[in-house]
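Letters A, B, ... are given to chains in the order of the sequence lines, protein chains preceding strands, and every chain is numbered from 1.
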Protein chains: 2
Amino acid sequence: MEPRWLSADEMTAWVRLVAVVELLPGVLDGQLRRDAGLTHFDYFVLAMLSEAPRRTLRMTELATRTNATLPRLSHVVRRLEERGLVERRPCPSDGRATNARLTDDGWATVRATAPGHVATVREHVLDALTPEQVGQLAEIAGALLGRLDPDGRLAAVYGTAAPGR
Amino acid sequence: MEPRWLSADEMTAWVRLVAVVELLPGVLDGQLRRDAGLTHFDYFVLAMLSEAPRRTLRMTELATRTNATLPRLSHVVRRLEERGLVERRPCPSDGRATNARLTDDGWATVRATAPGHVATVREHVLDALTPEQVGQLAEIAGALLGRLDPDGRLAAVYGTAAPGR
DNA sequence: CCGAGTCACTTGTACCTACAAGTGACACCC
DNA sequence: GGGTGTCACTTGTAGGTACAAGTGACTCGG
């Protein structure tokens, strides 16, 4: 089988996108690790909790929102718990479930870390684009998510409605 | 310090971009791992070699093109060498350097793997976009790379874009 | 109830990556 | 032409992620 190859325009877009996907995590991880001793995934976990009602989420829900497997999340939350940023309690209404809650220390950490993180995002991404391009990027990324996340598992995070479903 | 926060449009674009960056590597890795037993980074290393003259590159050059640290590349190439896909030889002109060359087996592996990889890229990325959006994506990603890769270390890959193969 | 099946999570093992230290090889300079 | 410093890599060790198996808790048919 021989699928149609990529045109020059497609190749350019694809190769650059791959480069971005390769470089961006390192930039984010580096800044957060230096400034707060957190990996980007750690920060994302804390951020998801900070936006949840009562700063609490069930492990399963937290796993889908962070696109993590349950074992991975379990390990990460255990480490965050050892640092006092998160606490786990058995869910009163379902004995199988565990609720993860952001502690006051964790909340303070998020508030202290967010400005530097936002500054990094501005510096390396948003400020490089025109307002028009920001809109185009939202459209394009939305379209990609329709393919990358057809079940909408992350839809609760990235907002409303991929057009694909 | 309080940097200006993100506008609603910026937040949408950013959150979606993060989701893409989070999901895309998993999709690429999964397909390549299932079909060829290669990680996306492995494949990228082989692809870079396959496009180089005489299918040979010095380790340092290969590291910059793949955005890898030298230790990481050293481990990966050792494993690829154990599988017979790559071979290493001391550089005759500089005793410090090592040349990595794609073997015939490695070349065959790349040729056998590329179509499935391209199909995945089409399915999950390019076919989700209009031709106009493909152009916009190239522009946007190019702008981001100006910030993410200011020294142009990866420019040899995404810049000239060598659409030949 | 009671047993099979599923769910929600935890633990254990293997792999991969990052960081730090070590080994030759080259370059320069007096 | 030794001494110093840098370069190009390799090796060793620690930390994080993925996959597989295990443990209680719920559900539902009989």
Side-chain angles (χ1 to χ4, degrees), chain A residues 21-34 36-46 56-83 85-101 153, chain B residues 21-34 36-45 56-83 86-101 153:
Chain A
V21 167
E22 190 72 24
L23 291 171
L24 191 51
V27 170
L28 300 178
D29 250 53
Q31 181 264 327
L32 286 168
R33 199 179 280 269
R34 281 192 308 274
L38 294 170
T39 181
H40 181 250
F41 183 75
D42 292 336
Y43 177 80
F44 204 73
V45 167
L46 299 181
T56 303
L57 281 174
R58 284 173 57 150
M59 290 290 282
T60 301
E61 177 63 19
L62 188 54
T64 64
R65 293 200 189 187
T66 57
N67 189 40
T69 61
L70 214 37
R72 175 183 180 188
L73 182 65
S74 183
H75 283 133
V76 170
V77 170
R78 176 179 51 73
R79 277 172 237 143
L80 292 175
E81 189 172 31
E82 288 166 1
R83 295 169 62 177
L85 304 179
V86 168
E87 65 181 11
R88 281 184 290 189
R89 294 201 164 191
C91 176
S93 64
D94 185 340
R96 298 173 296 181
T98 303
N99 287 325
R101 195 180 76 83
R153 298 180 10 142
Chain B
V21 167
E22 191 71 23
L23 291 170
L24 191 51
V27 170
L28 301 179
D29 250 53
Q31 181 263 327
L32 287 168
R33 198 179 283 268
R34 280 193 308 274
L38 293 171
T39 174
H40 180 250
F41 183 74
D42 292 336
Y43 176 80
F44 204 72
V45 167
T56 302
L57 281 174
R58 285 171 57 150
M59 290 290 282
T60 300
E61 178 62 21
L62 188 54
T64 65
R65 292 200 190 188
T66 57
N67 189 40
T69 61
L70 213 37
R72 176 182 180 187
L73 183 66
S74 182
H75 287 279
V76 169
V77 169
R78 177 180 49 75
R79 289 191 284 262
L80 293 174
E81 190 172 30
E82 287 167 1
R83 294 169 63 177
V86 168
E87 66 181 10
R88 280 183 293 187
R89 295 202 162 191
C91 176
S93 64
D94 184 340
R96 297 172 297 180
T98 304
N99 287 325
R101 196 180 75 84
R153 299 180 9 142

**Asked** Looking at the side chain of R96(B), which of dC16(C), dA25(D), dG24(C) is the nearest nucleotide?
**Response** dG24(C)
**Asked** Quick one: which of dT10(C), dT11(D), dT17(C) gets closest to the side chain of V76(B)?
**Response** dT17(C)
**Request:** Take the protein atom CG of D42(A) and the nucleotide atom C1' of dT17(D), then report the distance between them rounded to whole Å.
**Result:** 12 Å
**Prompt:** Would you say T98(B) reaches dA8(D)'s phosphate, i.e. side-chain N/O to OP1/OP2 under 4.0 Å?
**Reply:** no
**Item:** All side-chain contact (heavy atoms from CB on, under 4.5 Å) counterparts of D94(B), not counting sequence neighbours
**Value:** R58(B), C91(B), R96(B), A97(B)
**Request:** Choose from dA8(C), dT17(D), dA8(D) the nucleotide whose nearest atom is closest to any side-chain atom of A97(B).
**Result:** dA8(D)
**Request:** Give R78(A) one of three labels, base, sugar-phosphate or nothing, depending on what nucleic acid heavy atoms sit under 4.0 Å from its own.
**Result:** nothing
**Asked** Start at the 5' end of DNA chain D and walk down; is the nucleotide closest to G95(A) or to R88(B) reached first?
**Response** R88(B)
**Request:** For DNA chain C, determine which residues of residues 21-33 of chain A have any heavy atom closer than 4.0 angstrom to one of its atoms, and list them numerically.
**Result:** none
**Request:** Rounded to the nearest angstrom, tell me the gap between atom CE in M59(A) and atom P in dA25(D).
**Result:** 17 Å
**Message:** Without decimals, in angstroms, what is the distance between D94(B) CG and dA27(C) C1'?
**Reply:** 11 Å
**Message:** Under a 3.5 Å distance rule, please check whether D29(A) uses its side chain to pair with a backbone N or O of G26(A) as donor and acceptor.
**Reply:** no
**Message:** Rounding to an integer number of Å, can you tell me how far L80(B) CG sits from dT17(C) P?
**Reply:** 10 Å
**Asked** Roughly, in whole Å, what's the span from NE2 in H75(A) to P in dC16(C)?
**Response** 18 Å
**Request:** Figure out the CZ/P separation between R83(B) and dC16(C), and round it to whole Å.
**Result:** 9 Å
**Complete:** Closest to the side chain of P71(B), out of dT10(C), dT10(D), dG16(D), is dT10(D)
**Request:** Is it possible for you to check whether R72(B) lies under 6.0 Å from the centre of the six-membered ring of F41(B), through NZ or CZ, and within 45° of that ring's axis?
**Result:** yes
**Request:** Apply side-chain contact (heavy atoms from CB on, under 4.5 Å) to R101(A) and list each qualifying residue two or more places apart in sequence or on a separate chain.
**Result:** T56(A), E87(A)
**Prompt:** Given dT11(C), dT17(C), dC26(D), which nucleotide is nearest the side-chain atoms of R72(B)?
**Reply:** dT17(C)
**Request:** For atom CZ of R78(B), decide whether the heavy atoms of other residues, nucleotides or ligands shown that lie under 6.0 angstrom number more than 12.
**Result:** yes
**Request:** Let me know the distance between CZ of R79(A) and P of dG15(D), rounded to the nearest Å.
**Result:** 10 Å
**Message:** Please report the distance, rounded to the nearest Å, between CG in L70(B) and P in dC16(C).
**Reply:** 19 Å
**Request:** Considering non-hydrogen atoms only, spot the tightest contact between L73(B) and A63(B) and give its length.
**Result:** CD2-N, 3.6 Å
**Audit row: L32(A), T39(A), side-chain contact (heavy atoms from CB on, under 4.5 Å) steps and yes/no** = CA-CA 6 Å; L32(A) 286 168; T39(A) 181; over 6 Å; no
